[in-house]
Amino acid sequence: MMEQRQHVVLLIFSAFLLFQTSNAHNITRLLAKHPSLSTFNHYLTLTHLAPEINRRTTITVLALDNAAMSSLLDKNPSIYTIKNILSLHVLLDYFGAKKLHQIRNGTALAATMFQATGVAPGVSGFVNITDFKGGKVGFGAEDNGGSLNSFFVKSVEELPYNISVIQISKALPYVVAEAPTPGPSELNITGIMSAHGCKVFADTLLANPEAMRTYEDNVNGGLTVFCPMDDPFKAFLPKYKNLTASKKASFLEFFGVPVYQSLSMLKSNNGLMNTLATDGASKFDFTVQNEGEEVTLKTRVNTVKITGTLIDEQPVAIYTIDKVLMPKELFKAALSPAPAPAPEEAADAPKGSKSKTKSKSKTKSKAVPTPDSDSPAESPDDDPADQVADDDNAAMCFGAERLAVVGLSFLLVFFLL
């Protein structure tokens, strides 16, 4: 009887471990078991594509052996161009060896990680997969004149419907991916922002030489920018114009981080993050949080969400955010209104409550900045609600995890009795 119980406990524990790891994979560890793919593996790490692959749950990697990578590297491409080319070899769908030979109508079009960057024009970042007669499967970039000159070699690793690694005969040729990518110092970051919905922020940055110089000085060493979209930043401009000259520079620098952070890095490195405006006692930091695929930036004043990627080419990344993130050093969170008393309690309310309301009103008026004021301004009224929502969501997730652990504990105790 005791032996049966131990066997059941072991099964439950094994199932729990399987549940914990079923959605996890590590592309570098998978490829490390195959020395013939070592160069490909090395460049996935060097270009920071590896963590991007690891965070996705339905993906296919078209791996190149060392000879194919050698042919690619013979052209002396920059690291940025290599990243573009290899991202074309990462399909955002699952294709195991069996599925490749069961493609409906014999052909399929798969989106790639290169398409997801937004660099590829139109649908040119897609890969055409065709199952030829005789079991031969060909691959080619969609914008390649219909040429399918790379072929399926073998299945390397398969975790069904999570990740598939298959080897193909040679690199997929693609004009845009292979085009020389400008070095970081040649990037026009304000031009990139202006062309993708952040023109108001970009123009404001250009109009502030001190802040603009800070951004330019950090491009080569690593820079991540979070630019507010045009509509929210345009609505925020009156508050910005009320800041002093030095505070305007600090405010604009607050949207830049002096290190390169890919989206996968932001998702795995939750916590406080310094900015270009951080200087000793003037922290000007914010907290990075994520829930699933959503990444938020949070200060004591408000919370914003990353909504898109404008560029992610090491050492520069630029993301769009849905609202204007406000540093606590310059702005104050709006006070939540006190709940109205119930009708039967209103008559018994103390007389002092009137003076309390007056005091709150004074505090509120003092918070409005003038051009020479050092007082923090107030945030929009709806931002504290975002923080409450975030806290509630976090509490719900934490509660669910605790419930699962408690339930498993009860099961173990039951079978041990």
Side-chain angles (χ1 to χ4, degrees), residues 43-52 75-88 90 112-122 124-125 174-230 233 249 251-266 269 273-278 288 295 297 306-321 325:
Y43 277 95
L44 286 185
T45 301
L46 198 61
T47 58
H48 293 281
L49 283 173
E52 294 286 345
K75 301 174 184 177
N76 295 316
S78 70
I79 190 66
Y80 315 109
T81 299
I82 293 173
K83 181 176 183 178
N84 284 345
I85 295 171
L86 295 187
S87 64
L88 187 67
V90 182
T112 67
M113 196 173 281
F114 183 59
Q115 178 73 20
T117 64
V119 177
S124 56
Y174 181 54
V175 177
V176 175
E178 292 178 351
T181 305
S185 60
E186 300 170 352
L187 281 177
N188 182 350
I189 59 173
T190 53
I192 292 170
M193 289 188 279
S194 295
H196 296 88
C198 294
K199 189 176 188 308
V200 181
F201 177 78
D203 289 347
T204 306
L205 184 58
L206 282 169
N208 193 300
E210 181 182 346
M212 189 67 229
R213 186 165 52 252
T214 303
Y215 276 80
E216 290 172 342
D217 289 346
N218 282 273
V219 167
N220 286 318
L223 176 68
T224 303
V225 183
F226 303 95
C227 61
M229 298 297 286
D230 282 341
F233 198 79
F251 173 73
L252 293 173
E253 291 167 359
F254 177 65
F255 292 89
V257 174
V259 291
Y260 166 76
Q261 293 279 347
S262 68
L263 197 57
S264 62
M265 291 176 178
L266 291 171
N269 296 332
M273 186 168 289
N274 289 334
T275 67
L276 296 176
T278 301
V288 179
V295 179
L297 314 178
I306 293 179
T307 55
T309 302
L310 301 189
I311 185 173
D312 182 2
E313 299 289 345
Q314 188 185 13
V316 177
I318 304 177
Y319 306 100
T320 56
I321 52 178
L325 186 64

Q: Aromatic contact between Phe226 and Phe255, with the criterion being ring centroids under 6.0 Å apart: yes or no?
A: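 Between Phe255 and Phe226, which both carry aromatic rings, the centre distance is not below 6.0 Å.
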Q: Could you pull out all residues at least two apart from Met265 that satisfy side chain to side chain contact (heavy atoms under 4.5 Å, CB included)?
A: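 Listed in chain order: His48, Tyr260, Gln261, Ser262, Asn269.
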Q: With a 4.5 Å cut-off on side-chain heavy atoms, are Glu52 and Asp312 touching?
A: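 Touching, per the 4.5 Å side-chain cut-off.
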Q: State, yes or no, whether a side-chain contact exists between Met229 and Ile321 at a heavy-atom distance under 4.5 Å.
A: no
Q: Can you list the residues that meet the side chain to side chain contact (heavy atoms under 4.5 Å, CB included) rule with Ala202, with sequence neighbours excluded?
A: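 So Ala202 forms a side chain to side chain contact (heavy atoms under 4.5 Å, CB included) with Thr190, Met193, Ser194.
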Q: Quick one, Val316 and Val219 - any side-chain contact, counting heavy atoms below 4.5 Å?
A: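 Heavy-atom side-chain distance check passes, below 4.5 Å.
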Q: Does some side-chain heavy atom of Leu266 sit less than 4.5 Å from a side-chain heavy atom of Tyr319?
A: yes
Q: Rounded to the nearest 0.5 Å, how far does OG1 of Thr204 lie from CG of Leu252?
A: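 So the CG of Leu252 and the OG1 of Thr204 are separated by 6.5 Å.
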Q: Is there side-chain contact between Ile189 and Met212, with at least one heavy-atom pair below 4.5 Å?
A: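 A side-chain contact under 4.5 Å exists here.
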Q: Checking the side chain of Thr275 only, and the main-chain atoms of Ala277 only, is there a donor and an acceptor separated by less than 3.5 Å?
A: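 Yes, Thr275 side chain to Ala277 backbone: donor-acceptor pair under 3.5 Å.
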Q: I want to check something: taking the side chain as every heavy atom from C-beta on, are Ser87 and Leu49 in contact at a cut-off of under 4.5 Å?
A: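 The answer is yes; the side chains approach within 4.5 Å.
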Q: Determine whether Cys227 and Leu310 make a side-chain contact, defined as any pair of heavy atoms from C-beta on separated by less than 4.5 Å.
A: yes
Q: Taking Pro258's backbone N and O only, do any of them form a donor-acceptor pair with Asn218's side chain (distance below 3.5 Å, no angle check)?
A: no
Q: Using ring-ring contact (aromatic ring centres under 6.0 Å, His included) as the criterion, list what pairs up with Tyr43, not counting sequence neighbours.
A: none
Q: So does Arg213 pair up with Asp217, basic N to acidic O under 4.0 Å?
A: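 The answer is no: the pair does not qualify as a salt bridge.
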Q: Is there a side-chain contact between Leu88 and Met113 in this structure, where contact means two heavy atoms from C-beta onward sitting under 4.5 Å apart?
A: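 A side-chain contact is absent here, since even the closest heavy-atom pair is not under 4.5 Å.
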